[in-house]
Amino acid sequence: MLCIPSTDEEHPVTQTSESVTWLTQEAYNKLKEELEHLTGPARTEIAAKIAAAREEGDLRENGGYHAAKEEQGKQELRVRQLTQLLENAKVGEAPASADGAVAPGMVVTIAFDGDEDDTMTFLLASREYASSDIETYSPQSPLGTGVIGHKVGEDAEYELPNGKKASVRILKAEPYSG
């Protein structure tokens, strides 16, 4: 198992395998920092919002109170997600070099149905750090599972949401560099 390198501190890359999530040190630090904020200052802030809204009167018709409680629920869900992710995280070393096989943490260019004019390039990584710079597909997505392990020049097949099969040719697979 490999940890995926990233020189882009804003978008570190992760690789998930079953219950273990491999993280770069940057990704681990960023997620840990977010968790500390959510369980500290952010919790205090949302509690103050709820208290202030509660003082406004009838809770059944108090939009501010309900909005604050909804925000609190979303925040606590994120706390649980981060806690679970970090509990199962392993910080690893970057891969030494690419062998041409598609793996999480790689930028992959594919051609649909072998048509060299109909191509797409994407980052195969956790959607947790998807960015606007490059489209990101999860290794657990149908396309992700279909292309993992295939080498440049090989054809891969994956299942579409409607149950039909689609094929792509791997044109390029390079480690993500940020």
Quiz item: Are L160 and V168 connected, step by step, through hydrophobic side chains (Ile, Leu, Val, Met, Phe, Trp, Tyr) whose heavy atoms are closer than 4.5 Å?
Solution: yes

Self-check item: ILVMFWY network linking L171 to F112, side-chain heavy atoms under 4.5 angstrom
Solution: no

Quiz item: Salt bridge check: are E71 and K49 linked by an N-O gap of less than 4.0 Å?
Solution: yes

Quiz prompt | Ion pair K30/E34, N-O distance below 4.0 Å | solution = no

Close side-chain approach of [X] to [Y], heavy-atom, < 4.5 Å:
X	Y	answer
L85	L31	yes
E33	Y28	no
I46	Q75	yes
I110	F122	yes
E135	L123	no

Within the side chain of [X], is there an N or O that forms a donor-acceptor pair under 3.5 Å with the backbone of [Y]?
X	Y	answer
D118	D113	no
T145	S141	yes
E76	G73	no

Spacing of [X] atom [atom1] and [Y] atom [atom2] [to the nearest 0.5 Å]:
X	Y	atom1	atom2	result
K165	E159	NZ	CD	4.5 Å
E45	L38	CD	CG	10.5 Å
M106	I170	CE	CD1	10.5 Å
T109	R169	OG1	CZ	14.0 Å
E36	L82	CD	CG	11.0 Å
Y158	I148	OH	CD1	14.0 Å

Practice problem: Could you please spell out the steps behind the side chain to side chain contact (heavy atoms under 4.5 Å, CB included) verdict for V108 and T121? | Solution: CA-CA 5 Å; V108 182; T121 299; over 6 Å; no

Quiz item: Is there a side chain to side chain contact (heavy atoms under 4.5 Å, CB included) between D155 and H150 once you walk through the steps?
Solution: CA-CA 8 Å; D155 291 331; H150 289 278; over 6 Å; no

Grab the two heavy atoms, one from [X] and one from [Y], that are nearest each other, plus how far apart they are.
X	Y	answer
S138	Q140	OG-OE1, 2.7 Å
A156	G146	CB-O, 3.3 Å
V152	A173	CG2-N, 3.7 Å
A53	G64	CB-C, 3.8 Å
L86	L35	CD1-CD2, 3.9 Å
N62	R54	ND2-N, 4.5 Å

Quiz item: In chain order, what residues pass the salt bridge (charged side-chain N to carboxylate O under 4.0 Å, His left out) check against E87, with sequence neighbours excluded?
Solution: none

Exercise. Give the intermediate values and the outcome of side chain to side chain contact (heavy atoms under 4.5 Å, CB included) for residues R80 and L77.
Key: CA-CA 5 Å; R80 286 191 302 275; L77 174 62; 3.8 Å; yes

Self-check item: Qualifying residues under side-chain hydrogen bond (donor to acceptor under 3.5 Å, both in side chains), relative to Q84, sequence neighbours excluded
Solution: none

Quiz item: Which residues satisfy the ring pair (Phe, Tyr, Trp, His ring centres under 6.0 Å) test with Y65, sequence neighbours excluded?
Solution: none

